Amino acid sequence: MGVSLTLACSAGSRVGEVIPDMPETSVQVFLDAVRENRLSAMSDLWGSSSGLAADRMDEEELRKRLMVIQVYLMHDSHEIIPELDEVLRGTGNRRSVRVRLTRMGCTAVVPFTLERWRDGWLVADIDLTAIGNPRAACEPQQ
């Protein structure tokens, strides 16, 4: 059974937040926060076009969900795959960013969906099924 997370959030805001103005930058900062075990930095970029998940969700529920995301996305390295076709990327207020994640010798391409909020981009959905169970063995890529 796989996991995919999508959010529906309300329009709230926290003081002092800076949301990257490029979808790829939001994914980069989010993945850096995953590797650095900074759940608060992850929550600063997790939401939808309606706003940050942290402004709507119970703090404990938010923490639990971010911990699950972190377990799935913990990685040795990552690379954002450039999209040449705008149709694949998306347009308007919704964009797709694909990331090649390597974890313990295994590589997977993980799709992220971002939504515009104010002047920046928030991580709205991550297809965690693409990376698979973090505790299961895989066939290392040659």
Side-chain angles (χ1 to χ4, degrees), residues 1-136 138-141:
M1 180 165 118
V3 178
S4 180
L5 299 171
T6 304
L7 299 175
C9 306
S10 67
S13 65
R14 292 184 293 177
V15 177
E17 67 197 20
V18 176
I19 308 295
D21 62 356
M22 296 293 295
E24 296 82 0
T25 305
S26 288
V27 171
Q28 178 69 46
V29 173
F30 190 85
L31 288 172
D32 288 346
V34 165
R35 289 200 60 203
E36 295 165 3
N37 194 28
R38 294 184 307 124
L39 295 181
S40 64
M42 290 170 63
S43 77
D44 289 344
L45 293 171
W46 195 42
S48 71
S49 60
S50 299
L52 294 168
D55 291 338
R56 178 177 168 107
M57 294 179 74
D58 171 73
E59 188 175 330
E60 183 62 20
E61 180 69 18
L62 176 70
R63 187 184 69 76
K64 287 177 183 176
R65 288 180 185 219
L66 289 173
M67 287 175 67
V68 169
I69 292 170
Q70 182 185 31
V71 167
Y72 272 81
L73 294 181
M74 189 54 72
H75 59 282
D76 301 318
S77 66
H78 68 270
E79 171 190 11
I80 293 177
I81 301 170
E83 293 288 357
L84 300 177
D85 187 346
E86 188 65 27
V87 173
L88 290 175
R89 259 186 108 220
T91 57
N93 293 327
R94 193 170 175 92
R95 296 284 172 89
S96 176
V97 175
R98 295 182 319 140
V99 179
R100 185 175 293 113
L101 288 178
T102 302
R103 172 177 70 203
M104 300 183 329
C106 302
T107 301
V109 175
V110 180
F112 284 70
T113 301
L114 291 95
E115 293 185 8
R116 181 172 284 288
W117 181 61
R118 296 185 176 169
D119 293 329
W121 293 90
L122 297 177
V123 175
D125 184 61
I126 308 163
D127 183 1
L128 297 178
T129 61
I131 192 144
N133 185 335
R135 303 210 193 291
C138 74
E139 295 292 322
Q141 299 284 317

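In this text the structure is predicted, and so the values were computed from the model without any measurement. Values below: all heavy atoms of this structure, side chains included; hydrogens, waters and symmetry mates excluded. One is the number of the first residue; the rest follow in order along the sequence.
Taking 4.5 Å as the limit, every side-chain heavy atom of V27 sits out of range of all side-chain heavy atoms of R98. Under the 4.5 Å side-chain criterion, counting only non-hydrogen atoms from C-beta, F30 is not in contact with V99. With contacts defined as side-chain heavy-atom distances shorter than 4.5 Å, the pair I19/D119 does not qualify. Between N93 and E115, every side-chain heavy-atom pair lies at or beyond the 4.5 Å cut-off.
Note: L128 CG to N133 CG = 11.5 Å, rounded to the nearest 0.5 Å. The SG atom of C106 lies 9.0 Å from the CD1 atom of I131; values are rounded to the nearest 0.5 Å. Distance CD/E79 to CG/L31: 12.5 Å, rounded to 0.5 Å. Rounding to the nearest 0.5 Å gives a distance of 10.0 Å between CZ of R103 and CE of M74. Interatomic distance, E61 CD to L66 CG, rounded to the nearest 0.5 Å: 10.0 Å. In this structure, R116 CZ and L114 CG are separated by 10.5 Å, a value rounded to the nearest 0.5 Å.
Taking each heavy atom of L122 and W46 in turn, the nearest pair found is CD2-N, 4.4 Å. Considering all non-hydrogen atoms of both residues, H78 and L101 come closest at CB-CD2, 3.3 Å. When all heavy atoms of M67 and L39 are compared, the pair lying nearest together is CG-CD1, 3.6 Å. Looking at every heavy atom in both residues, G105 comes nearest to D76 through N-OD2, 4.2 Å. The nearest pair of heavy atoms linking I69 to M42 is CG2-CE, 3.9 Å. Of all the heavy atoms in L45 and S26, the pair that sits closest is CD1-O, 3.6 Å.
A salt bridge does not link R63 with E59: every distance from a Lys NZ or Arg NE/NH1/NH2 to an Asp or Glu carboxylate oxygen is 4.0 Å or more.
At distances below 3.5 Å, not a single donor-acceptor pair connects side-chain atoms of S43 with backbone N or O atoms of A54. Between the side chain of R56 and the backbone N or O of S50 there is no donor-acceptor pair closer than 3.5 Å. For R95 (side chain) and E24 (main-chain N/O), no donor-acceptor pair under 3.5 Å exists by modelled atom type.
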Q: Show your reasoning for whether side-chain contact (heavy atoms from CB on, under 4.5 Å) applies to D44 and V29.
A: CA-CA 10 Å; D44 289 344; V29 173; over 6 Å; no
